[in-house]
Amino acid sequence: MAATLTFSPAIPFSPITFTRSSAIFPNYSALRLRPIAATRFAASPTSRIAPRTARLVCEAQDTALEVAPITDANWQSLVLESASTVLVEFWAPWCGPCRMIHPIIDELAKDYAGKLKFYKLNTDESPSTATRYGIRSIPTVMIFKNGEKKDTVIGAVPKSTLTTSIEKFL
């Protein structure tokens, strides 16, 4: 697919032709090209509209919704009073490493369905629980068993690291 870009006559550039290829947009599992309409360059009467066929969208935010959110209000009943082992990810929407670990947590939730409960606590929305457990860096993953904190993993770690921690308490 080839496209031609043209610039304003006030700018002394000639049209540029480019081809979209896999070298420019490698295949990533969380990235997808989605069609969009058009983009306005300026809000003046002389504004132009440049047609665009697609934009790059990170779908990590879509996958983050697979694990149930938890708050200060339901922490006691869902984590501390739980009969099964519970894994809680402490995260924030502005945290890049948190977004990197979301798909891993979602995979683990599917792998350990029925054996372990998974929750995500937004530290911006539930600061008192994060403070109570001394969360200073995010993402932080904690494992609770019988209402007691058993293990803590800090940072965006590989799936194997989290699996090792989980296996100790099953």
Sequence neighbours excluded, every pair satisfying ring pair (Phe, Tyr, Trp, His ring centres under 6.0 Å) that has a member inside [range]:
range: residues 146-170; answer: none
range: residues 126-153; answer: Trp75-Tyr133, Trp75-Phe144, Tyr133-Phe144
range: residues 104-125; answer: none

Considering residues at least two apart in sequence or located in another chain, which fulfil the side chain to side chain donor-acceptor pair (under 3.5 Å) criterion with Ser126?
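Partners of Ser126 under the side chain to side chain donor-acceptor pair (under 3.5 Å) test: none.
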Consider only side-chain N and O atoms of Ser77 and Asn74, and report whether a donor and an acceptor are under 3.5 Å apart.
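Checked: Ser77/Asn74 side chains show no N/O donor-acceptor pair below 3.5 Å.
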Any side-chain heavy atom of Ser165 within less than 4.5 Å of one from Ile143?
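Yes, side chains in contact.
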Side chains of Ile166 and Leu87, heavy atoms from C-beta outward: is any pair under 4.5 Å?
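Yes, side chains in contact.
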Does Asp151 come within less than 4.0 Å of Lys145, counting only side-chain N to carboxylate O?
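No salt bridge links Asp151 with Lys145.
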Nearest non-hydrogen partners of [X] and [Y], listed with the distance:
X: Lys117; Y: Ser82; answer: NZ-OG, 3.7 Å
X: Ala83; Y: Asn146; answer: O-OD1, 4.5 Å
X: Asp72; Y: Pro127; answer: OD2-N, 3.9 Å
X: Pro139; Y: Cys95; answer: CD-SG, 4.1 Å

State plainly whether one hydrophobic cluster holds both [X] and [Y], where clusters connect Ile, Leu, Val, Met, Phe, Trp and Tyr through side-chain heavy atoms under 4.5 angstrom apart.
X: Val141; Y: Leu80; result: no
X: Ile101; Y: Trp94; result: no
X: Ile105; Y: Leu121; result: no
X: Val157; Y: Phe90; result: no
X: Ile70; Y: Met142; result: yes

By the side-chain hydrogen bond (donor to acceptor under 3.5 Å, both in side chains) test, which pairs, at least two apart or in different chains, include something from residues 153-164?
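For residues 153-164, and leaving out neighbouring residues, the side-chain hydrogen bond (donor to acceptor under 3.5 Å, both in side chains) pairs sorted by first residue read Glu107-Lys159, Asp111-Lys159.
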Stepwise side chain to side chain contact (heavy atoms under 4.5 Å, CB included) test for His102 and Glu89:
CA-CA 9 Å; His102 280 327; Glu89 177 197 0; 3.3 Å; yes
Transitive ILVMFWY cluster of Met100 at side-chain heavy atoms under 4.5 Å: who else is in it?
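Other cluster members: none.
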Roughly how far, to the nearest 0.5 Å, is the [atom2] atom of [Y] from the [atom1] atom of [X]?
X: Ile138; Y: Thr123; atom1: CD1; atom2: OG1; result: 4.0 Å
X: Lys115; Y: Glu167; atom1: NZ; atom2: CD; result: 7.0 Å
X: Leu116; Y: Leu108; atom1: CG; atom2: CG; result: 8.5 Å

Heavy-atom neighbours of Arg136 CZ exceed 12 at 6.0 Å
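Count not over threshold, so no.
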